[in-house]
Chemist: 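Got a structure for you, written out below as structure tokens; questions coming shortly.
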Amino acid sequence: MSKSLTHQQAMRYNRHIVLPKVDLDGQEALLNANICIIGIGGLGTAAATNLCASGVGSLTLIDHDTVEATNLPRQTLFSEQDVGTNKVEAAKARLTAINSDCDITVIAEPFSAPSSTQLSPVLKQAIERADVVLDCTDNTNSRDLVNLLCFKLNTPLVSGAAIRFEGQLFVAIPGESRCYACLRTLFESPDLSCVEAGIFSPVVNIVGTYQAMLAMQVLMDFDSIPKNTLMTFDALSHEWRNWKLPKGVDCELCAC
């Protein structure tokens with residue numbers, strides 16, 4: 001059964017509700033939503049903070065790593081006291097302090113497997129229950145697997161990536177747009193990590209925050225979602241650019 005906003009919640013989210021594009025219906029769509037965030041690093045912590053504070057009813061956080069001191073410049077949900085703590089547990093504690101109404105489920109497992117059939121049932125169920133999935137991972141194998149599962153389970157996906165001074169975003173809505181695999185057929189993604197290539201801290205927070213915004217707009221059925229489009233950000237030139245996917249990509253997964 002769908003939940004309705006309490007008077008206290010309506011007052012809390014008043015600045016959203018007065019927006020004609022949001023209104024009570026949009027805020028209640030957030031209240032009744034379950035968003036799964038895979039990867040609680042720079043992207044994931046920025047996205048989770050914004051989603052929790054904005055009134056999303058349920059979050060599922062997936063990550064097996066622990067907080068390290070080198071994470072702190074960009075993973076701003078964590079503090080020095082969290083070093084050595086599992087990321088999802090530390091994130092849950094901080095997010096609960098931000099918004100105790102948000103129901104937070106944590107899964108301290110790595111999101112990796114040779115195929116979707118060998119993935120943990122717990123991880124599969126997390127995606128199956130989600131209304132939107134945010135891919136905040138940092139390697140192509142995980143991104144491909146997330147995309148495959150989202151396509152099979154008909155779950156909207158908001159994918160983000162950031163490295164050096166650059167960020168990118170891609171939205172895939174099964175039945176309405178092409179999938180992330182369509183994008184992957186157009187280029188080879190170098191499997192570089194932030195350790196190897198570096199990352200300018202604000203960039204990863206900008207991209208993670210943008211992922212949260214896109215997820216909220218998908219849930220509220222905005223008509224301006226950038227479908228079939230790779231969005232890129234260059235922090236050195238301060239430019240956003242949109243790249244439309246060409247027709248006839250011949251994707252094996254979604255046959256687009």
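A quick note: this is a predicted structure, and the numbers were derived from the prediction, not measured. Counting from 1, the numbers follow the sequence of the chain as shown.
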Chemist: So which heavy atom on Leu119 is nearest to which on Leu123, and how close?
Modeler: CD1-CD1, 3.7 Å

Chemist: Compare every heavy atom of Ile37 with every heavy atom of Gly44, then report the nearest pair and how far apart it is.
Modeler: CA-CG2, 3.9 Å

Chemist: CD1 of Ile127 to SG of Cys150: how many Å apart, nearest 0.5 Å?
Modeler: 5.0 Å

Chemist: Give the C-alpha distance, both sets of side-chain angles, the deciding distance and a yes or no for side chain to side chain contact (heavy atoms under 4.5 Å, CB included) between Arg178 and Leu183.
Modeler: CA-CA 8 Å; Arg178 300 186 221 179; Leu183 179 64; over 6 Å; no

Chemist: If I take atom CG from residue Leu72 and atom OG from residue Ser79, how far apart are they, to the nearest 0.5 angstrom?
Modeler: 7.5 Å

Chemist: Between the side chain of Ser142 and the main-chain N/O of Phe111, is any donor-acceptor distance below 3.5 Å?
Modeler: yes

Chemist: When clusters are formed by joining ILVMFWY residues with side-chain heavy atoms under 4.5 Å apart, either directly or through shared neighbours, do Val18 and Met11 land in the same one?
Modeler: no

Chemist: Does Val122 share a hydrophobic cluster with Val133, counting links as ILVMFWY side-chain heavy atoms below 4.5 Å and allowing steps through other members?
Modeler: yes

Chemist: Does the side chain of Glu109 come under 3.5 Å of the side chain of Ser120 through a donor N or O and an acceptor N or O?
Modeler: yes

Chemist: Which atom names give the shortest non-hydrogen contact between Gln75 and Ile40, and what distance separates them?
Modeler: OE1-O, 3.9 Å

Chemist: Which heavy atom in Val207 sits nearest to a heavy atom in Ala162, and how many Å separate them?
Modeler: CG2-CB, 4.4 Å

Chemist: Mind checking what makes side-chain hydrogen bond (donor to acceptor under 3.5 Å, both in side chains) contact with Ser201, not counting sequence neighbours?
Modeler: none

Chemist: For residues Leu51 and Ile206: do they belong to one hydrophobic cluster (side chain heavy atoms under 4.5 Å, members Ile, Leu, Val, Met, Phe, Trp, Tyr)?
Modeler: yes

Chemist: Is there side-chain contact between Val171 and Leu157, with heavy atoms separated by less than 4.5 Å?
Modeler: no

Chemist: His64 and Val88: side chain to side chain contact (heavy atoms under 4.5 Å, CB included), yes or no, with the steps?
Modeler: CA-CA 8 Å; His64 72 294; Val88 291; over 6 Å; no

Chemist: Could you verify whether a donor N or O on one side chain and an acceptor N or O on the other, from His16 and Gln27, lie under 3.5 Å apart?
Modeler: yes

Chemist: Quick one: does Asn32's side chain have a donor or acceptor within less than 3.5 Å of a partner on Lys3's backbone?
Modeler: yes

Chemist: So, the side chain of Asp221 versus the backbone of Gln217: is there a donor-acceptor pair under 3.5 Å, distance only?
Modeler: no

Chemist: Looking at every non-hydrogen atom in both residues, tell me the closest pair between Ala126 and Cys36 and how far apart they are.
Modeler: O-CB, 4.1 Å

Chemist: Atom CD of Glu166 and atom CG of Leu236: how far apart are they, to the nearest 0.5 Å?
Modeler: 7.5 Å

Chemist: Assigning hydrophobic clusters by single linkage (Ile, Leu, Val, Met, Phe, Trp, Tyr; side-chain heavy-atom cutoff under 4.5 Å), is Tyr210 placed with Leu77?
Modeler: yes

Chemist: Can you tell if the side chain of Leu24 reaches within under 4.5 Å of the side chain of Leu5, non-hydrogen atoms only?
Modeler: yes

Chemist: What pairs of residues pass the salt bridge (Lys or Arg N to Asp or Glu O under 4.0 Å) test when at least one of them lies in residues 17-30, not counting sequence neighbours?
Modeler: Lys21-Asp223

Chemist: Could you see if Met220 belongs to whatever hydrophobic cluster contains Leu31? Use Ile, Leu, Val, Met, Phe, Trp, Tyr and a side-chain cutoff under 4.5 Å.
Modeler: no

Chemist: Step by step, would you call Arg164 with Ile199 a side chain to side chain contact (heavy atoms under 4.5 Å, CB included)?
Modeler: CA-CA 4 Å; Arg164 303 187 186 96; Ile199 176 67; over 6 Å; no

Chemist: With a 4.5 Å heavy-atom cut-off, do Leu253 and Tyr180 have their side chains touching?
Modeler: no

Chemist: With a 4.5 Å limit on heavy-atom distance, are the side chains of Val132 and Leu219 in contact?
Modeler: yes

Chemist: What verdict does the side chain to side chain contact (heavy atoms under 4.5 Å, CB included) test give for Gln125 and Arg129, after you've listed the backbone C-alpha separation in whole Å, the side-chain angles of each residue and the deciding distance to 0.1 Å?
Modeler: CA-CA 6 Å; Gln125 289 167 9; Arg129 290 194 302 264; 3.6 Å; yes

Chemist: Return the minimal non-hydrogen interatomic distance between Cys179 and Ala172, and the atom names on each side.
Modeler: CA-CB, 3.9 Å

Chemist: With rounding to the nearest 0.5 Å, note down the distance linking CZ in Phe170 to CZ in Arg143.
Modeler: 13.0 Å

Chemist: Any donor and acceptor pair, going by atom type alone, linking the side chain of Asn205 with main-chain N or O of Arg74 inside 3.5 Å?
Modeler: yes

Chemist: Sequence neighbours left out, what passes side-chain hydrogen bond (donor to acceptor under 3.5 Å, both in side chains) with Thr6? Give chain and number order.
Modeler: Gln9

Chemist: Rounded to the nearest 0.5 Å, what separates atom CD in Glu68 from atom OG1 in Thr85?
Modeler: 12.0 Å

Chemist: Compare all side-chain heavy atoms of Met216 with those of Phe222 and state whether any distance is below 4.5 angstrom.
Modeler: no

Chemist: Look up atom CG in Asp135 and atom CD1 in Ile62, then write down how far apart they are to the nearest 0.5 Å.
Modeler: 10.5 Å

Chemist: Determine whether a donor-acceptor pair (N or O, by modelled atom type, separation under 3.5 Å) exists between the side chain of Ser100 and the backbone of Thr96.
Modeler: no

Chemist: If only atom types and distance count, is the side chain of Asn99 paired as donor or acceptor with the main-chain N or O of Cys52 below 3.5 Å?
Modeler: yes

Chemist: Got a salt bridge between Arg94 and Asp82, using NZ or NE/NH1/NH2 to carboxylate O under 4.0 Å?
Modeler: yes

Chemist: With no hydrogens and no angle check, do the side chains of Trp243 and Thr232 hold a donor and an acceptor under 3.5 Å apart?
Modeler: yes

Chemist: Indicate yes or no: at least one non-hydrogen side-chain atom of Gln211 is less than 4.5 angstrom from one of Leu43.
Modeler: yes

Chemist: With heavy-atom distances below 4.5 Å as the criterion, would you say the side chains of Leu245 and Thr229 are in contact?
Modeler: no

Chemist: Does atom CG of Asp234 have more than 12 heavy-atom neighbours from other groups under 6.0 Å away?
Modeler: yes

Chemist: For a 4.5 angstrom cut-off between non-hydrogen side-chain atoms, does Thr105 reach Leu61?
Modeler: no

Chemist: Hey, does the side chain of Asn228 reach the backbone of Ser177 with a donor-acceptor pair shorter than 3.5 angstrom?
Modeler: no

